[in-house]
2 protein chains.
Amino acid sequence: MQTKRLPRAVREQQMLDAAVRVFSKRGFHAANMDEIAELSGVSKPMVYAYHGTKDELFLATLRRECSRLIEHIIALADASLPPDQQLWRGLKGFFEFVGAHRDGWSVLYRQARSLEAFSAEVTDMRRNIIQVIAHRLDVALQLEGRQVRPEDLAAQALSLVGASESLADWLADHPEEDPGRTATRLMNAIWMGAEQLLQGKTWKPQTP
Amino acid sequence: MQTKRLPRAVREQQMLDAAVRVFSKRGFHAANMDEIAELSGVSKPMVYAYHGTKDELFLATLRRECSRLIEHIIALADASLPPDQQLWRGLKGFFEFVGAHRDGWSVLYRQARSLEAFSAEVTDMRRNIIQVIAHRLDVALQLEGRQVRPEDLAAQALSLVGASESLADWLADHPEEDPGRTATRLMNAIWMGAEQLLQGKTWKPQTP
DNA sequence: ACGTAACGTTACGCGCGAGTAAGTTCAATT
DNA sequence: AATTGAACTTACTCGCGCGTAACGTTACGT
């Protein structure tokens, strides 16, 4: 290959790009630094020079992918929209991101959550999302004059997130599937509920 | 320690018990065979003699925990019950199992799913469960004279499983929580749906 | 045009843990 | 009580992969 020398900032990003791919393909432990280095078009000590240890490199990739995901979602799910529209847009944004960044998703979840050293990081992020969802649900409920126990709110939000992750996994393995379609399916599952489905009621996006 | 010598069958089970604990505590890679051996009250070569390589040992523990889980669930979710009761009992069985076998659950999911070498195994199991759920849902729909596209059925089942896993994770970290209560919360989330919740409608078990 | 600092390399140290060879002790069978 | 084989141990080998020391090279400011 033998490409040009590059400024640090650029090389750092290339390394993160490489890291995402390798970590997602091999898993944290099986991934080795030489492969990541090679994929960044550079040799191993450079990776250590720019990103420290393997753990630190992993954390860096994790954080980058994570913030990209969050940004993409919050840009879409405007809190002033009606609840189902908020949910719909948020989900659509989420699935679009997963569809477009398969391996980023994999690094975030498959890997990080199962590793003692990193689970705290991703658990925090997850808790934040869940809290936001629970809060918005709470607002919607209060507008209707309802009151629900906090644990039940949390359970609802947790279910939603779990279901989303599950469909996201599936989406990551099905390139041909449209993210919007997946989001719609999830709306039917979580917004309408199984009972409604049995009665033939389905949810449809108002504005396609 | 220096306990008595034990027949192979017994020792094998002790090894699996130890393996579940260590794999769940440390993760597959970080777990080392010496620790598992020690926890089984025996030295490393015995583990190799009885269970082969580390991979094979992991697979053995995975399979044992897995079949225990499945058996426990199908024993409860009788197909002749009405749909919501099937779901309710299946979920209750599932959460009871998770509550009683925390580390078994961890080995099954956190670890196995993120490891290339084992993901196939657990994915197969998962696919089976999803298919069963989708099928029973289909039966229920046909009794109502409805028809739903297979992918939508699958998505509904997938959401349910994802939400269950999510709550199971939460339950595994909250010893004080009653599994039945968690199951009820999930029924509210997935059976009633968020829209119903907003309207103040909740699901309650008929027979406590 | 030349010094220097950032970019980059080759080649190794070293610990850890999977897996094994060779030998020992106990308990059941004859 | 001798035998035999299953249960169990100690004490290694060996490769892999993280992390680094020591050493080149190119761009860029002056």
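What's counted below: heavy atoms across the whole structure, side chains too, no hydrogens, waters or symmetry copies. Throughout, a chain's letter reflects where its sequence line sits, starting with A, and its residues are numbered from 1.
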A:L62 side, atom CG; A:M125 side, atom CE - distance, nearest 0.5 Å: 8.0 Å

Looking across every strand, which nucleic acid part, if any, lies under 4.0 Å from A:A30 by heavy atom: base, sugar-phosphate, or nothing? nothing

5'-most by nearest nucleotide on DNA chain D - A:M33 or B:P7: B:P7

Are B:D178 and B:R185 within salt-bridge range, i.e. N to O under 4.0 Å? no

Between A:R64 and A:E12, does any side-chain N to carboxylate O distance fall below 4.0 Å? no

B:K25 and B:E35 ion-paired at < 4.0 Å: no

Its contact letters, B for base, S for sugar-phosphate only and - for none at protein heavy atoms under 4.0 Å, make nucleotides 25-30 of chain D read BBS---

Inter-residue atom distance A:I133.CD1 - A:L153.CG, 0.5 Å rounding: 11.5 Å

May I ask you to check whether B:T53 and B:D55 show a side-chain donor-acceptor distance below 3.5 Å? no

Can you tell me how far C1' of D:dG17 sits from CG of A:L57, to the nearest Å? 15 Å

Does anything in residues 42-55 of chain B reach DNA chain C, meaning a heavy atom under 4.0 Å, and if so which residues? B:K44, B:P45, B:Y48, B:T53, B:K54

Any salt bridge linking A:E65 with A:R68? Criterion: basic side-chain nitrogen under 4.0 Å from a carboxylate oxygen. yes

Assign the ring pair B:W105 / B:F94 to parallel, tilted or perpendicular, where the plane angle (0 to 90°) is split at 30° and 60°. perpendicular

Base, sugar-phosphate, or nothing: which does B:A37 touch, judged by heavy atoms less than 4.0 Å apart? nothing

Below 4.0 Å: OP1/OP2 of C:dG8 and any side-chain N or O of A:R11: yes

